[in-house]
Structure formats: structure tokens, C-alpha cells
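Here is the structure we will look at.
Fair warning: this is a prediction, and the values are worked out from it, not measured in the lab. Just follow the structure's listing: the first ligand is 1, and inside any ligand the first atom is 1.
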Amino acid sequence: MSHDERTQDEDTPFYDQPTGGWGSVKGMLRLMKTERPDAGVIETLMRQNKPGEYMCTSCAWAKPPSPHRFEFCENGAKATIWDLTRDRCTPELFATHTVEELKGWSDHELEMAGRLTHPLRYDAASDRYVPCSWEEAFAGIGAELKALDPKSVVFYASGRASLETSYLWALFARLYGHNNLPDSSNMCHETTSVGLKKVIGSPVGTCVLEDFDHCDLILFFGQNTGTNSPRFLHPLQEAVRRGCRIVTFNPVRERGLIEFADPQNPLQMLTNTGTDLSEIYLQVKPGGDIAALAGLCKRVLELEESIGAVLDRAFIDEHTNGFEEFAEAMRDTDWEAIERESGLARADLEEVGSLCVKASRTIGIYGMGLTQQVHGSQSIAMLVNLLLLRGNIGREGTGISPVRGHSNVQGQRTVGISEKPELVPLDKLAEQFGFEPPRETGRTTVEAVQGVLDGSVRGFVSLGGNFARAVPDQGRTDPAWKKLALNVQIATKLNRSHLLVGESTWLLPCLVRAEEDRQASGPQAVTMEDSLSHIHGSVGKREPASEMLRSELAIVAGIAKATLSPNPKVRWDEWTGDYSLVRDLIAETYPEQFHDFDARKFTPGGFYRGNAARERNWQTESGRAELTVPSTLSALGKKPEAGGFTLVTLRSNDQFNTTVYGFSDRLRGLSGDRDIVLMNPDDITRAGLVEGQRITLESTVEDGVERRVANLTVTPYDLPDGCVGAYYPETNALVPLDYHDIASKTPAYKGAPVRVLP
Ligand SMILES: Nc1nc2c(c(=O)[nH]1)N[C@H]1C(S)=C(S)[C@@H](COP(=O)(O)OP(=O)(O)OC[C@H]3O[C@@H](n4cnc5c(=O)[nH]c(N)nc54)[C@H](O)[C@@H]3O)O[C@H]1N2
Ligand SMILES: Nc1nc2c(c(=O)[nH]1)N[C@H]1C(S)=C(S)[C@@H](COP(=O)(O)OP(=O)(O)OC[C@H]3O[C@@H](n4cnc5c(=O)[nH]c(N)nc54)[C@H](O)[C@@H]3O)O[C@H]1N2
Ligand SMILES: [Mo]
């Protein structure tokens, strides 16, 4: 594809317009042109995220009970258009291209081939995927799984599949005999599941949508709302209009956190003006959040000493543990260290610390900027510390709110997809289905990759996603996949992971959520959980992309039935015929949260499954919320060497994870090329480089593996000194597999030490 075609109608040098606005409309229209979805896509978009209708597959942001007329955003529309494309990736494509040839295609080109239409079996002799029947696929996969040791098999899930499919997926793994259930969460918010659980007893956030109507301060850490959860801009805009203040900590100046024009507001659209969002924007160094938060806590504690009545003493006494040690540690941390490690000025941190004291209701928001660091769990714990000082958890208008990624990634963990058996009610499952579930801890994503590398993983079954492309040390495992006895990929579109074929390899095409899912009892609804723990039903109405497609649930059930010996309590066919029976099973396993599940599935705004920490019931070891002393002020695992840099890997406004919709990064004013490296102009000069020069980045982690990405164009951008930015997944080869959050093994994709080779 030529550079000109890539930029197309997107003319975006130095974008200084508000987020949303006309640019977002243009972005959608461009994709409409290339994907040419059928006219039904408009109907689908109009139903998007409305009660009882269709829930978008893009992000996990909440769906309000009284939606806007268009309750979708630029990126949600792109996801729907991408799913409902007219293009088809048929057996003919595979008849004319070997797998080796397809490896030469870009990620964008592979997905642009369109929706997969037929179940496919890999034929090693011709190096081609060939069509097969579903019966052949299920029987073939079942035979392989039966022959393998269950402990050597991994079931990976990307966070889109419904609660119904996810529940059966986890049940299948346990009936088969393992807890190797990593999901995309292991690369994403696992730091939250582990880190937040430890300090407040909840693996998920404590806020609900109404809290955004009552807060008067929002602290934003490392979450890029304009690109990754744009519908969240509406409540933020409304909060600002009411007088709520927003302070952002992010190394990159992200347009989406600075100003927003509501595409549904005619005045803002006509005048091309927006609402200012962040009042203060602090460009913290990558990994500098622990220090920045220490500065805020220190300021709050200093004000307590000077003016008094700053801390919520009653709350601290009744609900927390460790206050004295924490306060002393903050007093002992000097400002010089805080400034050095955060890259921020004391005066700025003091100002924000004072805002924290003025505010009576504060919410802390965070995303990948905190979770994807070696000491990410400690950054989260520090944000909790700050909130606890003034009783900002468990009160209306306050709380901690991790913004989750995939549209059901939080829900997948809720209904049992977890490699950590202690998080799953195994005794309950044993009783419900009459079997002895495996009790050993399963593999995380990082451990799954290690297993592929060292040969201890023999079988890999993937419920969506693009595992090989999303993981760290990308490419390093490629040769190892050939040795797998079994590789099964359940997918909607072709991607690179599908080309890493093992001995027995199957590519199984499934319905997307917008398509009608018709089973024995009629059309089915599915459900998912949003970032704020509300559960929503979704109904697809579009004609499936091919007659041969099956639902994810039917595919999981088909494989399970062909693998397991019969059990009268396990009724794959009946469950496939009527998903409400699966909802009943979920309600039986988790009665407190999911009682009357089927009847409540279309509750406007979703039904809330509750959160103990929100009620100030702390399910921690001590039974209280924990104030913890960080062991370090930098969340980085390894500081850059002299003259070196910390690499943060970024998402553009024109991708969904490894799915590259196009080559525009409108909100950053960039377009046409993804092989770029963002550097600040002073760093460019200091390194003796010039804009437009092609350079190589090399990892400075020395463990015997050479990690380099070449041919990146030097591009000036507003970043702190010593920090470079580049796109994910193109630069994943620079992130070492063993470089991850210590507590949760979430890869440190936002803090990789690198050097520049001209
Ligand atoms: N359109 C679209 N929507 C998406 C996705 C997508 O790819 N495209 N992906 C989905 C998924 S799975 C997820 S998990 C979410 C991801 O959504 P986010 O959590 O927003 O993740 P990122 O865009 O990777 O990075 C967030 C921000 O962290 C900042 N950052 C980097 N390092 C640091 C640091 O050390 N400290 C601080 N304070 N900030 C830092 C970066 O500059 C960036 O602005 O979005 C979901 N929604
Ligand atoms: N360097 C770097 N690496 C990262 C990150 C980062 O910020 N930086 N972020 C990490 C994060 S937060 C995440 S969540 C992971 C993402 O990792 P994954 O979830 O594994 O990857 P995706 O790109 O979301 O998966 C895209 C593929 O999913 C399939 N698909 C799409 N829709 C469906 C569906 O409805 N059903 C099925 N069965 N398949 C479907 C399509 O075939 C598509 O090609 O990447 C991680 N990797
Ligand atoms: Mo994610």
C-alpha cells in the first residue's frame, strides 16, 4: 500500500482540534469506504450500547441507563464496521497462498482479507489451510486433546467472548484437567486483579457511573480516554461543566485528555470548539508515578500538620491498617528524590496536593500507564494510599476506577477464566458438575510463552486474540510454535498468530457479536460486564458473514464434547441450544452477584454485581484497607543507561490492539506511518539525530537475547527527556518476556530500556 493511499482523506498535520468533533466523523467515514459494510451497519450503530440492544465489542466503558441518541464513538463505530465488512477471507484465498507467503503480509493486510468463512485445517504437505467440516474439526481436535497431558495444554482467551462462553470455556478447562487459563487480562489489568485485591480486597474498581456526577476532583494516571474509551469523555465533560477538576499524569501530551468536542452537540460541532478537560497536565516520567504520588501524599500530610483537619481520621482509624508507618515513610522521603524520580517540579506536586485537600470527593482513574510497569502494583497501591488518606473509597462520588480494555475482559475473570484457582469457587463447581477440579495454579500469559519456548506447552487453544503478536519478545517464540502438537484458533479475521502452525492446526471461524446467533431455542442473547461491574445483555441481528459460521459458545461446546467422557451433569448440546441455561449455571455458581441473572440481563444501564470494598467491607488479609510503603520510587525495572531511553509502547487512534484499522493517529497529529519513534526535539539534538532519520532501537536488557527493531523514523513529539514512544505491536520485540510487574507478571510494555543506534 502506498503512503498516499494510507493517508487518504486524513489530513492531520499537528492536530490541534478537540477530540471528538469533525475528525471523529471523518475517521468513521474513511472506514465505511474501505470496508463497504451492508446498509444494516447503520441500524446496528443506532442500537449500539442501548439497553436490550447490541453492546459494542470495542472498549469496556459503561453503558448508561439513559443513552445518548448515538451512544457510540468513533472507535466503537470502527470496531463494528470492521466486523461487518463485506470482504471475505474464503478457502480460495488459502488455495492461492501458502502460509509461508501469507507471512509476508502486514497485520493490516491480513485482517483486510475480510471475515473468515469456513473451518480450516492446516495441511503441512501443501503448506496451506484447507476447508474441512465442523465434525472433522471437532473430532480431530478432540482426539489430539485426549492424547495430550492436560497440564501441557493452554487455553488462552482474549477479552471479548461473552460471560456464557467464558463460563463454559473455564469449565471445559477444569473438566479436562488444568487451570492454564491465561487471558488478555494477563497483559493488561492483571496488575489490578492482584495489586488492588491485596490493598482493598477487590480485584476490580469501586466506582459506578453515578460517582462521576458527584466527584469534584479526578486524578488521571496513564489512561488515554480519547482513543481507548471515548464514550467516557461524555461523563468527563459533564463533570467539568459542573466544576469538577481534572488533573492528568501522563508522559505524552494526549489530545483526548486535553479538550473534547461532543459530536452530538451541534454548537460545538459548528464552532469546532470543545470543553477543556484537564486543568493541570503533568508530564511525569515513565514509571514516575510512585514518586509523583509520594509527592501528593507528602503534601497532604504536611498540610495536616500545618492547618489540621485534612485527614479523615475516623476513616483511617476504623478502616485502615499501616497509617503510622506510611506517614513516617512519606515524611522521610525527600523532595529531591521525588522530583528526580517523577521528573516533576515540587511546586506542581504541591499545587495538586493542595487540590486533593480542597476536594471533598476524589476519584482516581488509571490504565496501562500504571499497570504495564515492573512495579506497577506499587503504583496502584500508592494511588490507593492517597485516596485512603481522605476517605476517598466507599463514599458516593469517590473511588478507584481502573479503565478496563476489552469489552468483557473483566467479566471473563468474574466467571472463572483464571489461572489462579483460589479466585474460583472450585468446591461449588465440584458439587454442581460432579467432578474433582484441578487445584494447582495454572499458567499466566508470560508462563504460557515460556512453556511454548521450553517445550512444556504442547497444545494451545485460543478463544480469539492474536497471542503471538501481543506478547513481549515478539518473534522469539515463532520457531517454537512448529513443535506444538496442537494449535487451535477460534477467530473472526486472519492474523499472524494463525500463521504459526503446529503439527495439528485448526482455524475456526466464529460469529461476531453484531450477528444473529440462532440456536435450537431461537435467537440468543449474550452478556458482558463493563469496567464498572455492570452486566449487560446484547442481541446481534445482522446476517452472519457466512452460513458456515458458528457461535463461540457452540465451538467451545463442540470441542469439549469431542474431548471429554460423558457426564450426565454436563450437557453441551442443551446449553448450546439455549444460552439462558448457561446463565442459570452462572447464577448457581455465583448466587450473590448473579441471582435471577436471565431475568435481569436487559436491565437499563446493566445490573450491578456489587463490590464489597465500595461498602467498606475489606476482603484483605487484615480485614482492613492497607496503607503500604513502596519499596521504590520508580516503577521501572531498569533505568535507561547514560544517553539511553525508556520506551513506552503506544496505541494509535486507528487500531484496536493488534488490529490496525489504518495509518492515522489523528489525535496525536500523526499519520501515514507506524514505523516511527517519537522523541522530544532536545533529545533528538542531544543524540545527534535529525527529524526523519531512520534509526534502530535496541534493548539494553542483557540476558543473551538480542532485541532490535530497525527502520524507525525519528519524529519530534512532546515527551519528557529520556523517554521515547513507538507503536504496539510493531515494537513488541523490544520488551523482554521476563520484564514484568513483579506481583502479577503483567509485561512492562510501558517501561522498556532501550538505546538508539543511528
Ligand atoms: N480504539 C481503541 N480502544 C481500545 C484499545 C485499542 O487498542 N484501541 N485497546 C483496549 C484495551 S485491551 C485496553 S487495555 C485499553 C488500553 O487503554 P489505555 O489504558 O489508555 O492504554 P494505552 O493507550 O496503552 O496507554 C495509556 C497511556 O499511558 C501513558 N503512559 C505510558 N507510560 C506511563 C507511565 O509510566 N505513567 C503514566 N502516568 N502514564 C503512562 C501513555 O502515554 C498513554 O497515554 O483500551 C481498550 N480500548
Ligand atoms: N507493546 C505492547 N503490547 C501489548 C500492549 C501494549 O500496550 N503494548 N497491550 C496488551 C493488552 S492491554 C492486551 S489486552 C493484549 C491484546 O491481546 P489480544 O486480545 O490477544 O489481541 P487482539 O489484538 O485484541 O486480538 C485481535 C484478534 O482477535 C480476533 N477477534 C476479534 N473479534 C473476535 C471475536 O469476537 N471472537 C473471536 N473468537 N475472535 C475475535 C481477530 O481474529 C483479531 O485478529 O495486547 C497486549 N500487548
Ligand atoms: Mo488490554
Side chain, backbone, both or neither: [X] near ligand 1, heavy atoms under 4.0 Å:
X: Val648; result: side chain
X: Gln373; result: side chain
X: Asp289; result: side chain
X: Val284; result: side chain

Ring centroid separation [X] to [Y] under 6.0 Å:
X: Phe663; Y: His108; value: yes
X: Tyr129; Y: Phe94; value: yes
X: His406; Y: Phe656; value: yes
X: Phe249; Y: Tyr281; value: no
X: Phe220; Y: Tyr366; value: no

Using a 3.5 Å cut-off on N or O atoms only, is [X] in polar contact with ligand 1?
X: Arg404; value: no
X: His406; value: no
X: Asn228; value: yes
X: Asn657; value: yes

Take every heavy atom of Val403, measure it against each atom of ligand 1, and state whether any distance is under 4.0 Å.
->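 Contact check Val403 vs ligand 1: negative.
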For ligand 1, is Ser229 a contact, meaning one of its heavy atoms is under 4.0 Å away?
->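 It does not, in that no heavy atom of Ser229 comes within the 4.0 Å cut-off of ligand 1.
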Which option, [options], owns the non-hydrogen atom nearest [atom]?
atom: atom 34 (C) of ligand 1; options: Ser184, Cys73, Gly369; answer: Gly369
atom: atom 11 (C) of ligand 2; options: Met368, Arg651, Arg496; answer: Arg651
atom: atom 16 (C) of ligand 2; options: Tyr749, Tyr728, Phe467, Tyr156; answer: Tyr728
atom: atom 28 (O) of ligand 2; options: Ala161, Ser497, Gly465; answer: Gly465
atom: atom 36 (N) of ligand 2; options: Gln655, Arg160, Gln489, Glu552; answer: Glu552

Please state which part of Cys510 comes within less than 4.0 Å of ligand 2, counting heavy atoms only: side chain, backbone, both or neither.
->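 Side chain only.
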For ligand 1, which atoms, with element, lie under 4.0 Å from some heavy atom of [X]?
X: Asn75; result: 1 (N)
X: Cys188; result: 14 (S)
X: Thr227; result: 1 (N), 2 (C), 3 (N)

Between ligand 2 and [X], can you find any atom pair, the residue atom being a heavy atom, that is separated by under 4.0 Å?
X: His189; result: no
X: Val735; result: no
X: Ile490; result: yes

Note the single closest protein heavy atom to [atom], along with its residue, its atom name and the distance in Å.
atom: atom 30 (N) of ligand 2; result: Thr492 OG1, 3.3 Å
atom: atom 8 (N) of ligand 2; result: Thr649 OG1, 2.9 Å
atom: atom 21 (O) of ligand 2; result: Asn466 N, 3.5 Å
atom: atom 23 (O) of ligand 2; result: Thr658 OG1, 2.6 Å
atom: atom 42 (O) of ligand 2; result: Lys493 O, 2.7 Å

Residue pair Val526 / Ser162: nearest heavy atoms and the distance that separates them =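 Closest heavy-atom pair between Val526 and Ser162: CB-CB, 3.6 Å.
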Check Ser744 against Glu190 and note the closest heavy-atom contact, atom names and distance.
->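 It is CB-O, 3.6 Å.
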Kindly write out the residues that satisfy ring pair (Phe, Tyr, Trp, His ring centres under 6.0 Å) with Tyr717, not counting sequence neighbours, or none if the list is empty.
->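 With sequence neighbours excluded, Tyr717 shows a ring pair (Phe, Tyr, Trp, His ring centres under 6.0 Å) to no residue whatsoever.
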Residues two or more places apart in sequence or in another chain: which of them pass side chain to side chain donor-acceptor pair (under 3.5 Å) with Thr414?
->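 Thr414 satisfies side chain to side chain donor-acceptor pair (under 3.5 Å) with Glu529, Arg609 only.
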Side-chain donor-acceptor contact under 3.5 Å, Trp169 with Gln412 =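 There is no such pair (donor and acceptor under 3.5 Å, judged by atom type) between the side chains of Trp169 and Gln412.
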